[in-house]
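Have a look at the structure below before the remarks.
This is a predicted model, so every value here is computed, not measured. Ligands are counted one by one from 1 in listed order, and the atoms in each one are counted from 1 as well.
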Amino acid sequence: MDLAALNKVATAMTQPGKGLLAADESSGTIKKRFDAIGVESTEENRRDYREFLFRTEPAMKDRISGVILYDETIRQKAADGTPLVKIIEAAGSIPGIKVDAGAKPLAFCPGETITEGLDGLRDRLIEYRELGAKFCKWRAVIDIGDGIPSHDAINSNAHALARYAALCQEQQLVPIVEPEVLMDGDHTIERCEAVTMWTLKTVFMELYYAKVQLEGMVLKPNMIVPGKKCATQASDAEIAERTISVLKDCVPSAVPGIAFLSGGQEDVEATARLDAMNRIGGFPWHLTFSYGRALQHAPQVAWSGKKDNVPAAQAAFSHRAEMNGLATLGEWTEAIEKKAA
Ligand code: 13P
């Protein structure tokens with residue numbers, strides 16, 4: 001393993017002013033997104049959609065440090081025959097790949113899941129590296145509810161994340177370690193804080209046992225937010241303060257960068273909160289975005305499957321990428337958001 005080279009990629013992925021586009025929706029998830037805009041989820045439609053995202057200027061060059069792809073997409077060619085990976089690289093962005101096989105029911109833990117995909121992973125990593133991937137993603141899901149999460153769910157998922165991350169580094173790929181504490185449900189912000197802290201402490205202990213080198217990874221956590229159905233919601237400032245405080249407590253300074261998931265937050269909320277955190281400052285990592293929905297919702301609605309709408313959809317994507325890029329610098333404002341919209 002060349003740790004300096006891994007660190008270089010992890011640092012480039014989380015460089016100030018840029019962030020990651022999570023375009024790694026599984027076939028099931030992209031179908032849900034397409035259903036919402038009345039588009040049939042065919043291989044061609046999925047390709048056309050992702051191709052226009054990856055060709056968007058100036059967003060890809062200026063604001064998107066890397067793109068997380070799905071197995072189908074990393075093998076796909078654009079309409080003119082150019083591999084989609086090459087289009088991403090031509091924009092100066094780094095291609096990566098989701099390698100987990102999804103969250104499956106965890107035995108004897110009703111309502112909880114374990115992320116699968118470790119069997120045969122080494123061979124798949126070798127193939128993905130040959131296809132151009134420089135980093136990988138594995139998402140573990142921790143749900144909050146009555147009597148959950150259980151120790152078993154947190155420990156099993158943290159252990160799987162660590163085994164995945166070690167295999168990635170062995171194969172000279174940067175692992176994005178994503179333990180997502182869900183914001184579904186009616187739990188309080190304090191509960192999210194306690195469960196996220198428990199999860200992150202366990203994850204970093206397992207990473208240590210698995211000999212994962214923190215300089216060569218990126219953490220992808222949730223922000224500390226109340227459940228969507230919680231009666232008491234929180235200000236962006238409170239969310240930013242609590243999130244920074246938990247991260248300072250749990251994430252060693254050897255980790256070069258932290259890239260948040262959006263997890264169902266509204267587009268502008270996800271931007272405002274990232275901006276609020278970067279305005280606080282005083283932490284050792286770069287804080288950026290690795291958004292799926294918060295970057296793609298607007299372009300999906302603008303596109304709605306119509307060729308004529310592609311320029312408007314690209315403009316919508318560029319706008320969100322620009323706003324989130326500013327947020328990584330603590331330079332986003334509501335006035336800029338409205339003026340540029
Ligand atoms: P969201 O930003 O939509 O949560 O997606 C990010 C992601 O990659 C989840 O694994």
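- No more than 12 heavy atoms of other residues, nucleotides or ligands shown are found within 6.0 angstrom of CD on Glu334.
- A heavy-atom cutoff of 4.0 Å around ligand 1 is satisfied by the protein residues Ala22, Asp24, Lys137, Arg139, Glu178, Lys220, Leu261, Ser262, Gly263, Ser290, Tyr291, Gly292, Arg293.
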Pairs under 3.5 angstrom only: tabulate donor-acceptor contacts from the side chains of residues 203-213 to other protein residues two or more places apart or in another chain.
unit_1 : atom_1 : unit_2 : atom_2 : d
Glu206 : OE1    : His159 : ND1    : 3.2
Gln213 : NE2    : Lys211 : O      : 3.3

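- Aromatic ring pairs are classed by plane angle as parallel below 30°, tilted from 30° to 60° and perpendicular above 60°; the pair Phe52 and Tyr49 is perpendicular.
- For the 3.5 Å distance criterion, the side chains of Arg33 and Gln300 fail to qualify, holding no donor opposite an acceptor.
- Counted within 6.0 Å of CZ on Arg75, heavy atoms from surrounding residues, nucleotides or ligands total more than 12; the atom is thus considered enclosed.
- Between Met13 and Ile176, the closest side-chain pair of non-hydrogen atoms falls below 4.5 Å.
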